[in-house]
Student: 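Please see the structure below; I have some questions.
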Amino acid sequence: MLSQEDNELITRVGPGTPLGNLFRRYWIPACLSEELKPGGAPLPVKLLGERLVAYRNKEGKIGLLGEFCPHRGTSLTLARNDDCGLACIYHGWAFDTDGSCTNMPSEPDFSRFKEKIKALSYPVCETGGIAWTYMGEPERMPAPPKFIWTSLPESHRMVAKVYQECNYLQIWENEIDYMHAAFAHLALKEQDMKEGALSTELGINPSHPLVTSRNPLLSVQPTTYGFRNMFVGQADTSENADQFILDAPILMPSFAFTPRVKEEDHLFHAYVPIDDTTTWSYDVHFTLDRPLNHDTQMERRGLWVDENYKKIYNRDNNYKQDRSLMESGNFSGILGISNQDHAVTESMGPIVDRSKEHLGTSDVGVIALRRMVLKSIKLLQKGEIPPGLDPGIPTERIYSEGVIAPPGVPWKEACPLDPVFEPSKADNPVNN
Ligand code: FES
Ligand SMILES: [Fe+2]
């Protein structure tokens, strides 16, 4: 349970809000690379409550500008993508990718007015199939994003995004919540899994350790980038079964690697607030040692979207929940792991009222997550550096790889944290 005041603090992302200021210290995804064609149509982009427009000029460079023309406010989503930049259709003022005004044909030839005009613009860095932006003070801009998957060939990576109709935090909390896998993602019968997959579109097998483990140990381990979310259960139901240990790195400001064991494909998530009540959820599936089977992952996740990245299974059609499927198919009656996640988080409402909830012992990760966000806001307000921004953190070395270990071995020994991510006591992002 959280006070209404704290709930407001950790969910509101607009300009000038404490959380909005925190998000504006990190690089965040603005859109997919595939959404912007050289010389193509500009793309409306709303991020952290700000209305922006992205475009790719004919040379391939991306600009991210304020949506409204600095002249008299016409939307630049209607603009021409011309040689001189993004040209407003009202009076032809044009803007380069950095916001400089390159043409002002409505003013007399002798006018130097255009030298004084600059459109709002944010820096863009394109890597890993995503155009990232940094919306904070220029002098505090961190190093560009670098993850284990950003440098992989396309054959080993699949990047997708889906529109979600709720605040980013309840989506991120769902990522931390190990226990929901045994219910929201439960398939009622055993199924054959495809190579690299944890589930089918129905869900995970009833024999999976996430389902069968009794009284698993749930814990978090602070790191320099956030924390590791740990699950320690039993690999099977036999007496003296091996331990089944999962680790999921949770990264500021709203990213996560999902838990997995050795043979499974990797998955990275970024939950990017469009505004207070809607979110872009990015899925980055990847493999390190073999080409990724895109179809397997698309199907099991149920990433069926329209041309605007809005899902076909959504709130308006009750996620196509099928009561007969609930009898023999899966626990939720909904197809697609991702749709199951969206149903449980979106149905809470746009911003869940955390003052009305009843947290149990299985919510240890959720509590740690909120504590980290609150602590990060306070650090920033005191002029200190929130987690994940130290330039010495080798973010490209972060990934999840759970293990099966003999009984009795402490999980910190069986699945140790890479010492480069060990925080000093003062930097512990989870505890005060
Ligand atoms: S409003 Fe855009 S050029 Fe006049
Ligand atoms: Fe889930």
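Starting from 1, each residue takes its place in the sequence as its number. Whatever order the structure lists ligands and atoms in, that order sets their numbers, starting from 1.
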Student: Which residue is it: Tyr271, Phe23, Trp280? I am looking for the one with a ring pair (Phe, Tyr, Trp, His ring centres under 6.0 Å) to Tyr168.
Tutor: Phe23
Student: Can you name the N, O or S atom of Asp341 that is closest to the Fe ion (ligand 2)?
Tutor: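 Among the N, O or S atoms of Asp341, the one closest to the Fe ion (ligand 2) is OD1.
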Student: Is it the case that over 12 heavy atoms from other parts of the model lie below 6.0 angstrom from the CG atom of Asp109?
Tutor: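 Check fails, neighbour count at 12 or below.
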Student: Given atoms NE2 of His185 and NE2 of His180, what angle do they subtend at the Fe ion (ligand 2), to the nearest 10 degrees?
Tutor: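 That angle works out to 100° after rounding to 10°.
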Student: Between His156 and Phe286 (judged by ring centroids, cut-off 6.0 Å), do the two rings come close enough to count as a pair?
Tutor: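 No: the rings miss the under 6.0 Å criterion.
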Student: Got a sec: is Cys88 within less than 2.8 Å of atom 4 (Fe) of ligand 1 via an N/O/S atom?
Tutor: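 So Cys88 does not bind atom 4 (Fe) of ligand 1 by this criterion.
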Student: Hey, are His180 and His185 close enough side-chain-wise for a donor-acceptor pair under 3.5 Å?
Tutor: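 Present: a donor and an acceptor within the cut-off.
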Student: In His91, what N, O or S atom is nearest to atom 4 (Fe) of ligand 1, if we give its atom name?
Tutor: ND1
Student: Atom 4 (Fe) of ligand 1 to Cys69: any N/O/S contact under 2.8 Å?
Tutor: no
Student: Would you call the rings of Tyr313 and Trp304 parallel, tilted or perpendicular if under 30° counts as parallel and over 60° as perpendicular?
Tutor: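 Ring orientation, 0 to 90° scale: tilted.
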Student: Need the ligand 1 atom indices (1-based, order shown) with element for anything under 4.0 Å from a heavy-atom of Trp93.
Tutor: 3 (S)
Student: Are Phe421 and Tyr225 close enough that their ring centres sit under 6.0 Å apart?
Tutor: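 Between Phe421 and Tyr225, the centre distance is under 6.0 Å.
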Student: Can you tell me the N, O or S atom of His71 that's nearest atom 4 (Fe) of ligand 1?
Tutor: ND1
